[in-house]
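If you're wondering where the values come from, they're calculated on a predicted model, not measured in any experiment. Naming convention: chains lettered A, B, ... in sequence-line order (proteins, then strands); numbering from 1 in each chain.
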There are 2 protein chains.
Amino acid sequence: MAGRTKNPGQSVSRRLLAVLDSFDVAHPALTLTEIARRSGLPVSTARRLITELREWGGLERLDDGRYRIGMRLWTIGTLAPQQRGLRAAALPYMHDLYQATQENIQLTVLDGTSALCIEKISSARAVPTLTQIGGRLPLHATGVGKAILAFSGPELLAEVAAAGLPRMTPNTITRPGVLAAALAEVRATGVAYSFEEMTLGAVSVAAPILRLDGSVRAALGIVAHSRAAVDRLAPAVRTAALGIARSVG
Amino acid sequence: MAGRTKNPGQSVSRRLLAVLDSFDVAHPALTLTEIARRSGLPVSTARRLITELREWGGLERLDDGRYRIGMRLWTIGTLAPQQRGLRAAALPYMHDLYQATQENIQLTVLDGTSALCIEKISSARAVPTLTQIGGRLPLHATGVGKAILAFSGPELLAEVAAAGLPRMTPNTITRPGVLAAALAEVRATGVAYSFEEMTLGAVSVAAPILRLDGSVRAALGIVAHSRAAVDRLAPAVRTAALGIARSVG
DNA sequence: GAGATCGTTTCCACTGGGCGGCAGTTCCGG
DNA sequence: CCGGAACTGCCGCCCAGTGGAAACGATCTC
């Protein structure tokens, strides 16, 4: 179709989806020029595609000229079944856990080689966390991440280790052997901890939500201030995780 | 670009988005042929576009050959800000309301000429409802819909009436004048009711969640069995709605 | 107030990605 | 076993898409 294309072989679909990929939790609103840069498209190409997305309702334009994701995409996204039944089943348990602990509660699933947060309950008085719904957490440095990693196949650990274990804080585990040993303990105890390994000032305890065949479906975690005795929260998060596993079926 | 196209002028983007539009809460998984039918595309065209969406992660294929929405779209959809802050602020109040009433709790926003459900809390012992997150509810027949309609501009009522007020049950209001009078009462009392107007056996009470300028941001509703005295639930849903309005800011 | 810079909008000559029918294959139900 | 439906792979043709350039608008600095 194109008279002269910078990327021969790149389809219109890919370009359109590249526009959508420009947005993330750190960049929920972007100008035309920012979208062009982040998607690797010329400005005029990005503009045509943005116009099509706007007409459909996938993007909307703010008064200051920036664009953001529209509700049409949210609506379609809610149809993704991987999070649908799990979220519905988990919400009551998450609220129980929140009321019992008054700390941040997170529900995550494995997505590629990271933990994707699909639900979160927090409040102003709980320790601030950077996690947002739709955001990703590293598997090696978070409680929920380790809970997922511990009950996944060894290939996942190998893949994660091969990609490198970036240091998030001075306490982050960065050696594969040390991580493997930590995961063995998670399997033995049924809970995973992160002691200021992701964020200084925050500790977490998490339990896996397993399927009947023993594979990991999700992980439920509590994130508290580093002064908190998170080991005392372990029974509560394990109990809630087991309840969710039963509810999902 | 195409050698021979059935719909000259229809862009690749539109076709791709039409594929996504094939899915809805009633049809979360579809075969190739079903997608082609529902999107109005030839099978081979639908197939190429589906392949592109699969490669990107927007669709995934089940073992039985059907396709469903992938988590990539859920992740991008969560970035839509219209629901983001509202849901986070509303969840604690919704759970309080759920615990106090043990009934279905729904949070909806206006989307076009219907109420879009963006959060829902229910349980097996509450009256079954057809509402699902991401699903739409008619404005004229539901409590949340009337709460939104009552505090929107008169153009919305005109638009909704012009499109027709379909009868959902024998109790549904189908005359614009009758609906307008009902909405005046909602404005006077601050709550909207649906007495088996959407579903036989279910009644609801809802309150609007207003912005500081008085415009309607969302509506919060309780759906109960028709034997329930929903008027007694009105103060609770109003209180929760006011709390949410304050939390959102 | 003028010039520089950046972002946005519009235009259009050129062309290659997309079109969808068709033939072949696979699957399933009677 | 057969027929119908669904799915897969292919490809000649052409028009939708490409992206650079020019113009315009907004903002900032001197």
Contact nearer the 5' end of DNA chain C, comparing A:R47 with A:G9: A:R47
Whichever of B:R61 and B:Q10 has its nearest DNA chain D nucleotide further upstream toward 5': B:R61
Spacing between B:D64 atom CG and C:dC27 atom P, to the nearest angstrom: 14 Å
Whole-Å distance separating the CG atom of B:D63 from the P atom of C:dC27: 14 Å
Distance in angstrom units between A:L16 CG and D:dG17 C1', rounded: 13 Å
Of A:D21, A:D24, A:D111, the residue whose pairing with B:R72 passes salt bridge (Lys or Arg N to Asp or Glu O under 4.0 Å): A:D21
Integer-rounded Å distance: D:dA6 P and B:E34 CD: 8 Å
A:R48 CZ - C:dT8 P separation (whole Å): 16 Å
Options D:dG9, C:dG18, D:dG20, nucleotide nearest the side-chain atoms of A:P42: D:dG20
Qualifying residue, where the test is side-chain hydrogen bond (donor to acceptor under 3.5 Å, both in side chains) with B:K120 and the options are B:N104, B:T131, B:T129, B:T108: B:T129
Donor-acceptor side-chain pairing of B:T31 and B:Y67 below 3.5 angstrom: no
B:Q82 versus B:R217, side-chain donor and acceptor atoms under 3.5 Å: no
For atom CG of A:N7 and atom P of D:dG17, their distance in whole Å: 17 Å
Shortest side-chain distance from B:T31, nucleotide among D:dC7, D:dG20, C:dT8: D:dC7
Touch class at under 4.0 angstrom, heavy-atom based, for B:R66 against every strand present: nothing
Closest to side chain of B:S44, choosing from C:dC19, D:dC7, C:dG21: C:dG21
Rounded distance (Å) that lies between atom C1' of C:dC19 and atom CG of B:L49: 10 Å
Sugar-phosphate, base or nothing in reach of B:T45, heavy atoms under 4.0 Å: base
For B:M94, the option from B:Q106, B:R87, B:E119 that meets side chain to side chain contact (heavy atoms under 4.5 Å, CB included): B:E119
Rounded distance in Å - CG (A:L30) to C1' (C:dG7): 14 Å
Touch class at under 4.0 angstrom, heavy-atom based, for B:R14 against every strand present: nothing
Given DNA chain C, 5'-ward residue of the pair A:R37 and A:S11, judged by closest heavy atom: A:R37
Nearest-nucleotide pick for B:T33, side chain only, options being C:dT8, D:dA6, C:dG18: D:dA6
